[in-house]
Number of protein chains: 2
Amino acid sequence: MPDTSIPEIVIGRLPIYLRTLSRMAAAGKVYTSSHELGQHLGISSAQIRKDLSHFGEFGKQGTGYNISFLTAQLKRILKVDSVQDVALIGVGDLGRAIAHYQGFLDRGFRVTALFDNDPEKIGTKIGGLVIQDYERMETDIRQQEIRIAMLAVPFTEAQNATDILVKAGIQAILSYAPISIKVPAHVHVEYIDPVLHLQKMTFFLE
Amino acid sequence: MPDTSIPEIVIGRLPIYLRTLSRMAAAGKVYTSSHELGQHLGISSAQIRKDLSHFGEFGKQGTGYNISFLTAQLKRILKVDSVQDVALIGVGDLGRAIAHYQGFLDRGFRVTALFDNDPEKIGTKIGGLVIQDYERMETDIRQQEIRIAMLAVPFTEAQNATDILVKAGIQAILSYAPISIKVPAHVHVEYIDPVLHLQKMTFFLE
DNA sequence: TAGATTGTTAATCGATTAACAATC
DNA sequence: TAGATTGTTAATCGATTAACAATC
């Protein structure tokens, strides 16, 4: 059971460390240090050491961190050492791009179910998966014991789809819909809305 | 000129306020309060009032905020009261979805240039825009005075594309490539990597 | 050994929140 | 007027960083 006293902001940085370590391993490096990691990411070495210290001692004085060892530890901590099944709701342009994306499996995820409410799409296939009707969403997700969903529906449809996901027992939702969705406290929601990033950056334009 | 003493974290929340106000306006509401806004977003009313106070006084005691007035003020502050042109680099599945996305214009952005380095794609059209060769990236972006780019290339190509964008005078980059890119200090970079969100949420799975 | 780097502590820094006078 | 809500101050809370003993 994860220690819930660990700040959420710390958990949010672990995947970034993991991603950077993977790049280093691919480049043939064997050891790294908090200083080197920090330089890559633009954060302080102290922060990296502090973050990791919440979970154990993974380094050696003088030599730093063994990259493959630290990678394995972070994967274990984040529970991505086994592959997590993900349901994808909404198969428009964006949903299609997500379904085709080859970058999930390496990092612990696999889209194993597709749903849409457009009769024209239902029954067609993407990457070997049949697009299913909303009707089947609750039972399919339960049967497959899927705990994570990605939401790529129009924002007008987001809350409705969310309500079905919650009924199906989904515990985590990554939503691409540009709207705040309501969920019970036990369901985690994260959002991706590119326009929020663009608007933020526009403020800083010269 | 924006007051640079305003914390970046505050700027990051303004687009969220703006998005919520738009939803309220669409629902026919005329006034709202910091309390109501906070409830929608799951943040405290004090934080909303504090954030807004960096930029002026936009509310009235007793009645709260006029939604269309506050919307106009936030758009002005974020500089999205005029439409910003955006270049899109990389027209794979994701780039295609971005190019087709209808949700940008309403919120201040318009994709006006597409680039790819795949000879098979160069010269073909998406939504009325011709996909141009990398060769033309620097000059086209300069000529069109584009200041913002979205990066949807494979991660192996991200730094190379970024270097060209920087030479072209781009000031802000929204990157979908799962890798940290290096830019000069005057260029703002934001990242979207869905796997980071998924891995973070997986930690909290029961 | 000498140099390097960890994990941890304490200090600093910055963000959030509670409270309330002002006032619509 | 009475009730509601702002904008702001001061207090609280939490995150980041500097520093260093331990030790590889």
Side-chain angles (χ1 to χ4, degrees), chain A residues 2-18 20-21 24 29-74 77 200 203-204, chain B residues 2-18 20-21 24 29-74 77 200 203-204:
Chain A
D3 180 344
T4 49
S5 77
I6 297 167
E8 189 168 331
I9 196 164
V10 171
I11 307 300
R13 279 190 295 260
L14 300 187
I16 305 176
Y17 301 160
L18 182 53
T20 306
L21 291 166
M24 288 177 170
K29 286 181 68 71
V30 175
Y31 281 91
T32 188
S33 65
S34 57
H35 180 73
E36 187 181 49
L37 263 174
Q39 286 234 312
H40 267 265
L41 296 170
I43 63 184
S44 77
S45 62
Q47 180 163 85
I48 291 169
R49 295 198 300 280
K50 188 99 205 292
D51 284 354
L52 296 178
S53 74
H54 286 99
F55 306 96
E57 305 188 357
F58 307 119
K60 281 208 183 78
Q61 287 101 325
T63 52
Y65 303 92
N66 177 296
I67 290 172
S68 76
F69 176 74
L70 184 54
T71 296
Q73 295 304 310
L74 288 175
I77 292 164
K200 180 184 173 190
F203 175 86
F204 295 103
Chain B
D3 182 344
T4 50
S5 77
I6 297 166
E8 189 168 330
I9 197 165
V10 171
I11 308 299
R13 281 191 293 261
L14 300 186
I16 305 175
Y17 301 161
L18 183 54
T20 306
L21 290 166
M24 288 176 168
K29 287 183 66 72
V30 176
Y31 281 92
T32 188
S33 66
S34 58
H35 180 74
E36 187 181 50
L37 262 174
Q39 287 235 313
H40 267 265
L41 296 170
I43 62 184
S44 76
S45 61
Q47 179 162 85
I48 291 169
R49 295 198 300 280
K50 187 103 207 291
D51 284 352
L52 296 177
S53 75
H54 287 100
F55 305 96
E57 306 190 357
F58 307 119
K60 280 209 184 80
Q61 288 101 326
T63 52
Y65 302 92
N66 177 297
I67 289 172
S68 75
F69 176 74
L70 184 54
T71 296
Q73 295 303 310
L74 287 175
I77 292 164
K200 179 183 173 191
F203 175 86
F204 294 103

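The chains referred to below are lettered A, B, ... by the order of the sequence lines, with proteins before strands, and numbering in each begins at 1. What you see is a predicted model; the values in this text were computed from it and never measured. Only this structure's heavy atoms are used, side chains among them; waters, hydrogens and symmetry mates stay out.
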Dot-bracket summary - DNA chain D, pairs being Watson-Crick or G-U whose distances fall under 3.5 Å, with | when paired to another strand: ..||||||||||||||||||||||

Value rounded to 0.5 Å, distance of CG in A:Leu41 from CD1 in A:Ile48: 6.0 Å

Exercise: identify the closest heavy-atom pair between B:Leu74 and B:Leu18: CD1-N, 3.9 Å

Salt bridge (Lys or Arg N to Asp or Glu O under 4.0 Å) partners of A:Arg13, counting only residues at least two apart: A:Asp51

Residue pair B:Ile6 / B:Phe55: nearest heavy atoms and the distance that separates them: CD1-CE2, 3.2 Å

Nucleic acid contacts of residues 37-52 of chain B, taken as heavy-atom distances under 4.0 Å to DNA chain D: B:Arg49, B:Lys50

Nucleotides bounding contact with chain A, strand DNA chain D, heavy-atom threshold 4.0 Å: D:dA15 to D:dC24

From A:Lys60 atom NZ to A:Phe69 atom CZ, the distance as rounded to the nearest 0.5 Å: 8.5 Å

Verdict with reasoning, A:Tyr17 to A:Thr20, per side chain to side chain contact (heavy atoms under 4.5 Å, CB included): CA-CA 5 Å; A:Tyr17 301 160; A:Thr20 306; 5.9 Å; no

For A:Ser34 against A:Arg49, the heavy-atom pair lying closest together: OG-NH1, 3.0 Å

Neighbours of DNA chain D within residues 55-65 of chain A, by heavy-atom distance under 4.0 Å: A:Lys60, A:Gln61, A:Gly62

Worked check of side chain to side chain contact (heavy atoms under 4.5 Å, CB included) between B:Lys50 and B:Val10: CA-CA 9 Å; B:Lys50 187 103 207 291; B:Val10 171; over 6 Å; no

Sequence-distant partners of A:Lys29, salt bridge (Lys or Arg N to Asp or Glu O under 4.0 Å), two or more places apart: A:Glu36

For the student: nearest non-hydrogen atoms of A:Phe58 and A:Leu52, plus distance: CE1-O, 3.6 Å

Minimum heavy-atom distance between A:Lys200 and B:Pro15, given as atom pair plus value: N-CG, 4.0 Å

From B:His40 atom NE2 to B:Ile16 atom CD1, the distance as rounded to the nearest 0.5 Å: 14.5 Å

